[in-house]
There are 2 protein chains.
Amino acid sequence: MAVRKSAANPGNSAGVTERPLVTVDVAIFTVRDDSLQVLLVHRPSVAGEPYPGRPALPGGFVDIRRDTTLHDCALRKLKEKTGLAAPYLEQLGSWGGAKRDPRGWSATHAWFALVPPPADDEVDPAPAEAEWVDAEAALSRRLAFDHNEILAAALARLRAKVEYTSLPAFLLAEPFTLPQLQRIYEVVLGRELDKSAFRKRMLDADFLRETGAVSGASGRAAQGYRIADRSAPVYFPRPFKSGEQLA
Amino acid sequence: MAVRKSAANPGNSAGVTERPLVTVDVAIFTVRDDSLQVLLVHRPSVAGEPYPGRPALPGGFVDIRRDTTLHDCALRKLKEKTGLAAPYLEQLGSWGGAKRDPRGWSATHAWFALVPPPADDEVDPAPAEAEWVDAEAALSRRLAFDHNEILAAALARLRAKVEYTSLPAFLLAEPFTLPQLQRIYEVVLGRELDKSAFRKRMLDADFLRETGAVSGASGRAAQGYRIADRSAPVYFPRPFKSGEQLA
DNA sequence: TCAATAGTGTCTATTAGACAATATACT
DNA sequence: AGTATATTGTCTAATAGACACTATTGA
């Protein structure tokens, strides 16, 4: 019994015959200047490289000598492009097929990452070939491969999760204040939120820990917070009231 | 500008040097006899095949000659194992690394599928090598590869989505009734739901279309429904009241 | 003391769930 | 009629959001 299966893969029991290309791509988001931005690189203008000069999500081939797991590989791409080591990183999905890369059947593992914006006083550690682009503007460009589709999926995932999780907190450097966090939510959601309801929601979710007071440019100083557990966001019991909800 | 990247992949610009193995696995769920079940196959007991005789999720190598996309490949695996062509199929995630397959660095694309149970009067189209196993029982077995981890993730995803989407409707053959649908929710959630609240929720979500009346073994006949749009589940404005919610 | 921002209090419309009542099918 | 199930109605507790108010900082 249970031998029939091998007949479905004649002469290919170890998948050696023809293997797809395997890559990892990362959609890295931050919020700067009240705008949701994504990191784009430019494809090399070199013979044999597809989509020369086109903007693309950072990524590349899995290196089976260096990368122990897919997650490792995504972390490596992230570090190469942003210098950041421990931000929020989540799998987005995979895109694979015969046509998406002119070099052959390829499958990419897409991730999405949230990072705090580079502080004004420090140099942006992103390499010169990379640039932060407003997310909507990036979507309206013609990106390499099927990266428009991947970026659209990443944006959709982010916007969906912002409605009912603490994800946007990963877009801020610690310590941050509740008004700062609210601003981030508003930027990603594209609409304003009520201050009182927002605070109740965040504090009731119990994912923040108080640090010292933080004074801004003017006005009353605010309570500083850090994320209690950076391994995952928390889920709110209900989403924010969506504008499109029926009356 | 923008040429630096190739230095990160010396002599590997087309990823030809060493490519990972690429597979697709599918966690196929159904509800039978008030139990959430998953379809398992047995690994072939053949020289060179890893994990001989072990239970595993259905899956196998991507065939770049037959499969146009990853989605195609998942559909093919599904059809081979269940005979079903158009159920609910969603990407779950990917697992890849040097150690998960003794044959070499491999990456699998995991999907999860929901199918209605085979009708009592028809023969189960699943091949003899496959068997339906209660999901919890399957998890407690030692599955091939990292399939315990994948199955656990699939179960977690399913149970999470049941709280706030119409997903379980894809576990029923059409037409189905609201009491039948409620039973499915209860089986997957592992707790009972209030009849009135359940109906309001389902009907307000407006994803069902009435068909004729359906009579059961006894008692009043029920309204039959079908899913209005099978391409995706709908999201409820709030999750079910979770038992663990604070008072 | 004023401007600016942070933080709190109160009220209300909405609604999910509890539970009771009613409707319909079959014997 | 009686039993079993489907369907509807009513009530209530919980709460998200609206909005007004108070608190604290620095100039």
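This structure is a prediction, so every number in the text was calculated from the model and none was measured. By convention in this document, chain letters (A, B, ...) are assigned in the order of the sequence lines, proteins followed by strands, and residues within each chain are numbered from 1.
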In whole Å, what is the span from the CG atom of B/D204 to the C1' atom of D/dT7? 15 Å
Starting from P on C/dA16, measure out to CE on B/M202 and report it in whole angstrom. 11 Å
Will you find, in the side chains of A/D33 and A/S35, an N or O donor that is under 3.5 Å from an N or O acceptor? no
Check whether the side chain of B/S196 and the base of D/dG9 form a donor-acceptor pair under 3.5 Å. yes
Review item, side-chain donor-acceptor pairs of residues 135-143 of chain A, under 3.5 Å, at least two apart:
from, atom 1, to, atom 2, distance (Å)
A/E136, OE2, A/R159, NH1, 3.1
A/E136, OE2, A/R159, NH2, 3.0
A/S140, OG, A/A137, O, 2.8

Please state how far atom CZ in A/R183 lies from atom P in C/dT5, giving the value in whole angstrom units. 12 Å
Length of the line joining B/L193:CG and C/dA18:P, which is rounded to integer Å: 9 Å
Using a heavy-atom cut-off of 4.0 Å across all strands, would you classify B/R238 as base, sugar-phosphate, or nothing? sugar-phosphate
Protein-nucleotides 24-27 of chain D N/O pairs closer than 3.5 Å?
from, atom 1, to, atom 2, distance (Å)
D/dT24, O4', A/R220, NE, 3.2

Ring pair (Phe, Tyr, Trp, His ring centres under 6.0 Å) against B/Y185, all qualifying residues, sequence neighbours excluded: B/F198, B/F240
Applying a 4.0 Å non-hydrogen cut-off, can you work out what B/T177 is touching in the nucleic acid: base, sugar-phosphate, or nothing? nothing
Describe the nucleic acid contact of A/R199 in one word from base, sugar-phosphate, nothing, applying a heavy-atom distance below 4.0 Å. base
Picking from D/dA16, C/dG17, D/dC19, the nucleotide nearest the side-chain atoms of B/F240 would be C/dG17
Touch check for B/A222, heavy atoms < 4.0 angstrom, all strands: base, sugar-phosphate only, or nothing? sugar-phosphate
Could you state the atom-to-atom distance from NZ of A/K241 to C1' of D/dC19 in whole Å? 13 Å
According to ring pair (Phe, Tyr, Trp, His ring centres under 6.0 Å), who are the partners of B/F207, at least two apart in sequence or on a separate chain? none
Check the distance between D/dA6's P and B/F198's CZ and give it to me in whole angstrom. 12 Å
Residues two or more places apart in sequence or in another chain: which of them pass salt bridge (charged side-chain N to carboxylate O under 4.0 Å, His left out) with B/R226? none
In whole Å, what is the span from the NZ atom of A/K195 to the P atom of C/dT5? 11 Å
Any idea how A/F29 and A/F112 line up, ring-wise: parallel (<30°), tilted (30 to 60°), or perpendicular (>60°)? perpendicular
Which one, D/dA18, C/dG17, C/dG7, comes nearest to the side chain of A/K200? D/dA18
Rounded to whole Å, the CD-C1' distance (B/Q182 to C/dA18) equals 13 Å
Using the test ring pair (Phe, Tyr, Trp, His ring centres under 6.0 Å), find all partners of A/W95 that sit at least two apart in sequence or belong to another chain. none
